[in-house]
Every structure is written in C-alpha cells, then in structure tokens.
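Reading through the structure tokens given below for one structure.
Keep in mind it's a predicted model, so treat the numbers as computed, not measured. FYI, side chains are in, hydrogens and waters are out, and symmetry mates aren't considered; it's all heavy atoms of this structure. Just so we're on the same page: letters track the sequence lines, and every chain starts at 1.
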2 protein chains.
Amino acid sequence: MKRFELSEQQCSVARSSVILGDQWTLTILSDCFLGVRRFDQFQERLGVSRTTLTSRLKLLEEHGILEQRQYQDRPPRFEYRLTHKGRELFPVISTLITWGDKYYSDSAGPPILRRHKTCGHDFHTVLSCSDCGETLVPRDVEARKRPDDERYPPVERGPVKRTG
Amino acid sequence: MKRFELSEQQCSVARSSVILGDQWTLTILSDCFLGVRRFDQFQERLGVSRTTLTSRLKLLEEHGILEQRQYQDRPPRFEYRLTHKGRELFPVISTLITWGDKYYSDSAGPPILRRHKTCGHDFHTVLSCSDCGETLVPRDVEARKRPDDERYPPVERGPVKRTG
DNA sequence: TTACTTAGTCCAAAAAATGGACTAAGTAAA
DNA sequence: TTTACTTAGTCCATTTTTTGGACTAAGTAA
C-alpha cells in the first residue's frame, strides 16, 4: 500500500492515520494551534524541507483541515488557517502534548506552558466519557464490531478476543 | 533531518511526533488497545510489510511503549504488550478515533463501536481541563514559553503572536 | 538599480518502504 | 519419519519518498 492511499481502508483510524500519521503533519498542526500561519514560519520552526512542507500543507488542505486565506493584496499572499474540521483535532494534539510533556521534557519541565484562560490555571488534559462524564481508561472500554448489514460492507478490522 | 532522530528537538510534540508520527505506528497502537499482540496478527490486519512492521515494533519497544513478553515455552514465542507508558497513549488514540469516526466513517457509521462499561453507553471522547474540569477548546488556551533559566536551554519553538 | 520578502518549484542524491522469498525452531498429522 | 504447518522474523532488489540547495516569480523598499 502506498502512502496517502486510503480509499480501501475501512477503519476510520486507518484512514485518519494516512493523513495525520506523519511526523511533520503532527508538528504542523501543533504549530497551527499556537498561531503559526505562514509557509516560511512553518519551515523555519520545524526545519522541514520546503518540498515536504508544500506536500503536507497541500494534503491538509485537500482534506479540509487547513484552508488558504489571502491576507494581503499587493503582492497577493496567502496564509494557512485551521478549518472547523481542523480545530476539532485539538483534542488529538492536546493529548499528544500532555503525553509528550510527561515523557519527553527536559528536567526544567515542558518548554511551552499552557494556561486555561477560563480558570486561570496551567493544565494537562483529562479524557472523559461523553455520556457519564467519568474519566476514560482503556480497561473500561469494550469494543465490538458494528452488526453486519446487507446494505453495508462487513467490518474488516475489529476487536480481538484477548488472551492470557 | 532524518526520520527517527529526535535528540536535537526540544519541543515535546516534535519528539513525540518522531516516534508516533507514522501511519503504521498509529494503527499498530490502535490495534494494541483492541487486544492485538502477535506479529502476524498485526501484519495481516494492517497490511503493512513485514520489514516495516518489524522496524515500528522495535522502535515502540525501544521507547518503552511496547514490551515483549513470552507467552509460550516450546517453541518460545513472544507477544507485544503495551507498557504503562504505552497505555497512557490511550487518550491520543481515542480522540483520533472520535475524530476519524466523525469524518471518515461510511454512511453506516463507525465500523467499530466502543462502549463505556462503567456506564453502559457507547461514547465519544470529551477533553477537559485537569484543573477545573470544564471542556477544553482551543480558544481558551493561552500558550507561553517557559521562562528562560540559565541552567536550561532557552525555548526554541514557542507561541506566536496571533495576527488578524 | 539593488536588495529583500514570501511562497513556492526543480533536481539529483539519499533514505525508507515494499513485496516476495527465505530462515529457524518447534509441533502435529499421515 | 517424512511432510506440512506455525510464528516471528530477515534478506534483497525495486520503487517511492525525503532532503537540501539552488532557483523562480511578483512585488516592495532603500
């Protein structure tokens, strides 16, 4: 399977991973949430090659995660901004930051601190169930395949019986 | 910069992305949370080449995200299991699933359904602030660089003044 | 005129991924 | 006691992707 070929994959994680599952894409998005918008700014901050950056930005645009907006007339210049769909990736990037800060900070702590303006405190992320609001942990989650329906293809990747 | 070289990167997202920012790594981890443990099972479910799978599993092991455990004697066989550090990636994978289910399901809905055993309902994920418990949205987050300290290197990647 | 800015493209070299065959060490069936 | 099967990989030649550096285009500023 080639990179960026997701049509055949049914699982939504597999499909998302084809787009987001890339070192540069994740850091680009992280920078987007910090307010980075311009090509050269991404390029300098990330140290990615211009060619790769172009290809990643294009992919994110094709998938409606980023959009280009003109921010000046003469000469015409465009910047990249998160769409609504893109902003909905905030929990993914945010939990990745929480994990990364825990395991890959130097001893002075995380290099970037994040404050929740609503309550005024520096935070880390907590994941909770949309239904009962309790904190979600892996062992409380039970996965099952969607019931097969003659109108839809059967599920190809699914839960596995745990052994041991 | 070559793939899997993270020593110089300071930002914890950048460091994490070097490990996790890969199509296969994300789907491997997603399968791990479904109970997949054996090499051939990963290989068949993901359709990844055996070479690439070997390299990804090795990387995840080197970073203490997966560990090999012997599950039979004759012949000796090993399976891959999530470590504590690995299980702490649950929020990352879980929010990715929520996003992917929303944007990349077919019209029959997500192929795999997840139930919160504690409350009995199918859920999606909600992200909240560790301090006040409110739902976290990007516009309520303010990022700032860690104050420079002569004992530690200055922060190289950090927040950007938003324009427009 | 010359230098600078932004957002890219082009190209050859290097690195990584692919797929298919192969290995090793044991078990199970005929 | 051969033969087939299982699991967890390795090997290798080909294809694909990434890299870094130079270059372009269109306008502004000194």
Could you give the [atom1]-to-[atom2] distance, from [X] to [N], as a whole number of Å?
X: B:Gln41; N: D:dT7; atom1: CD; atom2: P; answer: 9 Å
X: B:Glu44; N: D:dT7; atom1: CD; atom2: P; answer: 10 Å
X: A:Gln72; N: C:dT6; atom1: CD; atom2: P; answer: 9 Å
X: A:Phe78; N: C:dT6; atom1: CZ; atom2: C1'; answer: 12 Å
X: A:Arg56; N: C:dG8; atom1: CZ; atom2: P; answer: 15 Å
X: B:Asp22; N: D:dT18; atom1: CG; atom2: C1'; answer: 14 Å
X: A:Leu53; N: D:dG20; atom1: CG; atom2: P; answer: 13 Å
X: A:Gln70; N: C:dA7; atom1: CD; atom2: C1'; answer: 13 Å

Query raised in the report: Is the count of non-hydrogen atoms from other residues, nucleotides or ligands lying under 6.0 Å from A:Glu44 atom CD greater than 12?
Result: no
Query raised in the report: So does A:Glu134 have more than 12 non-hydrogen atoms from other groups sitting under 6.0 Å from CD?
Result: no
Would you list the protein and nucleotides 9-13 of chain C atom pairs, both N or O, that sit under 3.5 Å from each other?
unit_1: C:dC10; atom_1: N4; unit_2: A:Thr51; atom_2: OG1; d: 3.1

Query raised in the report: Are A:Phe42 and A:Phe39 connected in a single hydrophobic cluster, I mean Ile/Leu/Val/Met/Phe/Trp/Tyr linked by side-chain heavy atoms less than 4.5 Å apart?
Result: yes
Report task. Group every Ile, Leu, Val, Met, Phe, Trp and Tyr by side-chain heavy-atom contacts under 4.5 Å, then state whether B:Leu136 and A:Leu34 land in the same group. Result -> no
Report task. Applying side-chain hydrogen bond (donor to acceptor under 3.5 Å, both in side chains), name anything that partners B:Arg151, two or more places apart in sequence or on another chain. Result -> B:Asp149
Query raised in the report: Under the side-chain hydrogen bond (donor to acceptor under 3.5 Å, both in side chains) test, which residues partner B:Tyr71, sequence neighbours left out?
Result: none
Query raised in the report: Where along nucleotides 25-30 of chain D does protein come under 4.0 Å, by heavy atom, of base (B) or sugar-phosphate alone (S), with - for untouched nucleotides?
Result: --SS--
Distance check: side-chain N/O of [X] vs OP1/OP2 of [N], anything under 4.0 Å?
X: B:Thr52; N: C:dT18; answer: yes
X: A:Gln68; N: C:dG8; answer: yes
X: B:Trp24; N: C:dT18; answer: yes
X: A:Tyr80; N: C:dT6; answer: no

With a 3.5 Å cut-off and sequence neighbours excluded, list the donor-acceptor pairs that the side chains of residues 91-99 of chain B form with protein atoms.
unit_1: B:Thr95; atom_1: OG1; unit_2: B:Pro91; atom_2: O; d: 2.8
unit_1: B:Thr95; atom_1: OG1; unit_2: B:Val92; atom_2: O; d: 3.0
unit_1: B:Thr98; atom_1: OG1; unit_2: B:Ser94; atom_2: O; d: 3.3
unit_1: B:Thr98; atom_1: OG1; unit_2: B:Thr125; atom_2: N; d: 3.2
unit_1: B:Thr98; atom_1: OG1; unit_2: B:Thr125; atom_2: OG1; d: 2.9
unit_1: B:Trp99; atom_1: NE1; unit_2: A:Lys85; atom_2: O; d: 3.1

Report task. Would you sort out whether A:Tyr80 and A:Glu67 count as a side-chain hydrogen bond (donor to acceptor under 3.5 Å, both in side chains), showing the intermediate values? Result -> CA-CA 5 Å; A:Tyr80 293 90; A:Glu67 63 186 1; over 6 Å; no
Query raised in the report: What are the two closest non-hydrogen atoms of A:His63 and B:Tyr104, and how far apart are they?
Result: ND1-OH, 3.0 Å
Query - Exercise: identify the closest heavy-atom pair between A:His116 and A:Phe123 - result: N-CD2, 3.6 Å
Query raised in the report: From D:dT18, C:dA7, C:dT18, pick the nucleotide closest to the side chain of B:Val48?
Result: C:dT18
**Report entry** Cationic N near anionic O, under 4.0 Å, A:Asp122 to B:Arg144
**Finding:** yes
Query raised in the report: Thinking salt bridges, do B:Arg45 and B:Asp31 make one under a 4.0 Å N-O criterion?
Result: yes
Requested in this report: Name the nucleic acid region contacted by B:Tyr71, choosing base, sugar-phosphate or nothing; use a 4.0 angstrom heavy-atom cut-off, strictly under.
Outcome: sugar-phosphate
**Report entry** Watson-Crick and G-U pairing of DNA chain D, under 3.5 Å, as dot-bracket with | and [ ]
**Finding:** ||||||||||||||||||||||||||||||
